[in-house]
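Encoded as structure tokens, the structure appears first; notes follow it.
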Amino acid sequence: MKNQEIAKIFNDIARFLRIDGVAFKPYAYERAAISLETLKDDVAQIYIAGGRKALEEIEGIGKAMSDHIEEYLKTGKVQFHEEFKKGLPVDMDALTRVEGMGPKKVKVLYQKLGVKNLKDLERAAKKHQIAPLFGFGETTEKNILQGLEFLKTSKGRVLISDIKPAAMAVLKKLQALKEVEKISIAGSLRRGKETIGDVDFLVVSNNPKKVMDFFVKLPGVEKIWGQGGTKASVHMKGGYDMDLRVVPEKSYGSALQYFTGSQAHNITTRKIAIDKGLKLSEWGIFRGSKQISGKTEEDVYKALGLPYIAPELREDQGEIDAALQGKLPKLVELKDIKGDLHVHSNWSEPDGEKDSIEVLAKKAMELGYEYIGISDHTNDLNVEKGLNEKELLQENAYIKKLNKKYKKKNFRILHGCEANIRKDGSIDVKDAVLEKLDYVIVGIHSLNKMEKKEMMARIEKAMRNPHVDIFAHPTGRIVGARDEYQIDFDNMLQIAKETRTILEINSSSRLDLRDLYIRRAKAEGVKMIINTDAHKKEQLGFMEYGVAQARRGWAEKSDIINTLSVEELLKQFK
DNA sequence: GCCGTTTTCGGCCCGACTGTTTTCAGTCG
């Protein structure tokens with residue numbers, strides 16, 4: 001989609017305008033960029049269908065913005081943007097990634113020292129050319145070097161499942177301190193975002209110094225960026241930062257609300273406060289200089305005339321309007337999940353690291369599940385020694401036998417498979433065999449670079465197979481590693497609806513469907529299932545990340561079929 | 001540049017920190 005490309009240009013323009021000291025316009029360009037980024041339709045299609053008039057109906061898009069969009073769609077460029085670039089030919093993205101470097105400093109360093117990229121910046125800082133410059137100084141130069149150092153050790157944004165276990169371990173240790181009265185994780189981790197920049201802890205304490213001393217000496221701390229009266233900041237060996245802030249108890253709620261974000265959500269809540277003659281900050285809600293709220297998050301939202309809004313919804317994506325109208329979804333929860341149907345066993349790799357069906361079942365029972373579904377790969381998947389049809393039937397017989405044992409434990413093992421969708425849309429297992437299984441998952445595992453039309457025909461054919469129940473990782477994206485296939489998601493939803501195919505929310509590093517797609521699937525009434533795609537018993541624990549993604553997609557219990565009892569679940573399958 | 005059940009003109013979120021120009025600009029979250 002062109003949406004993201006144009007959004008990037010608008011963000012760029014905003015930055016250039018800021019450099020020139022233009023007031024307010026940058027804000028308008030940023031708003032337009034956010035609006036495009038989160039738009040569900042392709043802006044090119046909108047333009048084709050409704051012309052400029054349709055463009056101007058988009059939130060934050062007026063006459064000038066629609067000029068730019070039209071120009072980009074016709075020529076692939078925006079002249080207004082090109083002019084700016086000519087005036088400041090630097091790697092702005094990289095340079096502003098250095099902590100403390102903003103657009104204006106970038107401009108000064110380019111004009112005075114010819115700094116165009118990170119290498120130039122490092123050279124200039126090491127030669128002490130920066131400190132003498134007007135508006136800079138010794139500390140700024142030192143901070144730039146430190147910022148460059150951090151960039152080298154930083155992994156950037158980290159996948160949530162790579163960081164949350166470590167964050168929870170730290171949380172537990174802090175919780176155990178008697179000096180800690182209240183504590184919570186904040187930031188994007190609390191909102192359940194798929195990638196996390198850094199981990200934020202918020203604390204109420206009767207002895208902040210002691211808590212912070214403990215924090216900076218935690219195992220895994222590689223470097224202490226800073227430690228003050230109310231804030232400590234450290235860099236971890238894992239390549240990410242953790243921040244700890246101590247706040248007064250009377251501001252705990254407003255601070256938690258503030259540090260949880262998102263920034264866009266905060267801006268909107270603060271505007272609501274202004275409309276009510278109030279002022280919202282991390283310190284509380286104020287009427288004049290008098291604090292009227294702030295001890296808990298519930299209080300803060302209440303003072304704004306809103307019900308509590310779950311962190312996963314706080315992205316300024318319509319949650320405030322929904323809250324005002326009393327139409328917030330009742331989000332699905334981890335405890336609603338009754339089983340996991342995308343699990344691989346050692347049947348498909350006897351000598352590998354996978355666990356036996358019995359071990360997986362035991363783990364599922366420990367998680368409080370009522371069922372587990374074994375879905376090994378099939379014929380085509382040589383990498384994972386996919387089961388052939390004979391083996392699949394043997395596995396089926398074995399599971400039937402096992403189930404007799406589990407019956408008195410009120411637990412059931414379901415038998416499925418993760419079959420492969422071939423190039424032509426056919427399935428790599430015969431219908432006669434598929435028919436014997438409790439359910440059938442299909443997925444694309446090769447030839448994922450097909451043209452959109454071909455790819456959609458392939459997917460449609462697979463979903464129309466009368467035995468196919470679940471479409472695994474439907475868009476093919478892998479967070480931070482691979483973009484989605486060339487697909488038409490609206491079309492996919494229509495086919496899923498028509499064929500009653502259930503779309504998977506895969507909890508592994510795929511996180512596919514992603515949040516915005518989940519929301520669209522829900523809107524179309526397409527059912528989904530949250531699976532882990534576990535290849536080891538520990539990975540059954542990934543479920544929480546799929547649930548977080550589902551919640552970010554506004555999904556309710558009724559949208560997710562593995563919240564059903566086993567009898568009801570089986571009725572969902574063809 | 002965009003927007004509007006208090007506005008078609010006058011607003012655009014808020015506070016902390018840093019360095020330095022000692023009153024405020026730049027940056028961050």
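Basis for what follows: all heavy atoms, side chains included, without hydrogens, waters or symmetry-related copies. Numbers restart at 1 for each chain; the letters A, B, ... are given by sequence-line order, proteins then strands.
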Send over the distance from [X] [atom1] to [N] [atom2], rounded to a whole Å.
X	N	atom1	atom2	answer
Asn143(A)	dT18(B)	CG	P	9 Å
Glu141(A)	dT18(B)	CD	P	18 Å
Arg97(A)	dG29(B)	CZ	P	14 Å
Arg314(A)	dC13(B)	CZ	P	20 Å
Leu189(A)	dG29(B)	CG	P	16 Å
Arg52(A)	dG1(B)	CZ	P	13 Å
Ile144(A)	dG26(B)	CD1	C1'	12 Å
Asp275(A)	dC14(B)	CG	P	11 Å

Taking the [atom1] atom of each, how far is [N] from [M], in whole Å?
N	M	atom1	value
dC12(B)	dT8(B)	P	16 Å
dT6(B)	dC2(B)	P	24 Å
dC28(B)	dC13(B)	C1'	14 Å
dG15(B)	dG10(B)	P	25 Å
dA25(B)	dT21(B)	C1'	9 Å
dA16(B)	dG11(B)	C1'	25 Å

Next item on the list: Nearest-nucleotide wise, let me know which of Lys279(A) and Thr96(A) is further upstream toward the 5' end of DNA chain B.
Entry: Lys279(A)
Checklist line | Upstream residue (5' side of DNA chain B) when Gly135(A) and Ala23(A) are each assigned their closest nucleotide | finding: Ala23(A)
Check: Is the closest basic N to carboxylate O distance between Lys152(A) and Glu122(A) below 4.0 Å?
Finding: yes
Note to self: For Arg514(A), is there an ion pair with Glu484(A) - N to carboxylate O distance below 4.0 angstrom?
What the structure shows: no
By the 4.0 Å heavy-atom rule, please label [X] as base, sugar-phosphate, or nothing.
X	value
Asp200(A)	nothing
Tyr258(A)	base
Pro26(A)	nothing
Lys231(A)	nothing
Glu282(A)	sugar-phosphate

Next item on the list: Show your working on side-chain hydrogen bond (donor to acceptor under 3.5 Å, both in side chains) between Asp533(A) and Ser508(A) and close with a plain yes or no.
Entry: CA-CA 6 Å; Asp533(A) 202 350; Ser508(A) 75; 4.6 Å; no
Can you identify which nucleotide, out of [options], has its nearest atom closest to the [X] side chain?
X	options	result
Arg270(A)	dC14(B), dA16(B), dG26(B)	dC14(B)
Pro103(A)	dT27(B), dT18(B), dG15(B)	dT27(B)
Glu99(A)	dA16(B), dG29(B), dC13(B)	dG29(B)
Ala64(A)	dT27(B), dC14(B), dG1(B)	dG1(B)
Lys271(A)	dC13(B), dG15(B), dT27(B)	dC13(B)
Ile267(A)	dC13(B), dT18(B), dG15(B)	dC13(B)
Trp283(A)	dT27(B), dG1(B), dA16(B)	dA16(B)
Ser281(A)	dT18(B), dC14(B), dC12(B)	dC14(B)

Margin query: Taking only side-chain N and O atoms of Tyr29(A), does any of them lie within less than 4.0 angstrom of OP1 or OP2 on dC2(B)?
Written below: no
Note to self: For dT27(B), give the paired nucleotide (Watson-Crick: N1-N3 plus N6-O4 or O6-N4; G-U: N1-O2 and O6-N3; both under 3.5 Å), or none.
What the structure shows: dA16(B)
Checklist line | Among Arg519(A), Lys193(A), Arg551(A), Arg191(A), the one residue meeting salt bridge (charged side-chain N to carboxylate O under 4.0 Å, His left out) with Glu315(A) | finding: Arg191(A)
Notebook entry, point to check: Can Phe24(A) be classed as stacking with the base of dC12(B), given a centroid separation cut-off of 5.5 Å and a plane angle cut-off of 30°?
Noted result: yes
Next item on the list: Give a yes or no on this: more than 12 heavy atoms of other residues, nucleotides or ligands lie within 6.0 Å of atom CZ of Arg52(A).
Entry: yes
Margin query: Could you check whether Trp283(A) and Tyr258(A) have their ring centres less than 6.0 Å apart?
Written below: no
Margin query: If we count only N and O atoms by modelled type, under 3.5 Å, do the side chains of Asp512(A) and Thr475(A) hold a donor and an acceptor together?
Written below: yes
Notebook entry, point to check: Side-chain donor or acceptor of Arg31(A) under 3.5 Å from a matching atom on the base of dC2(B)?
Noted result: no
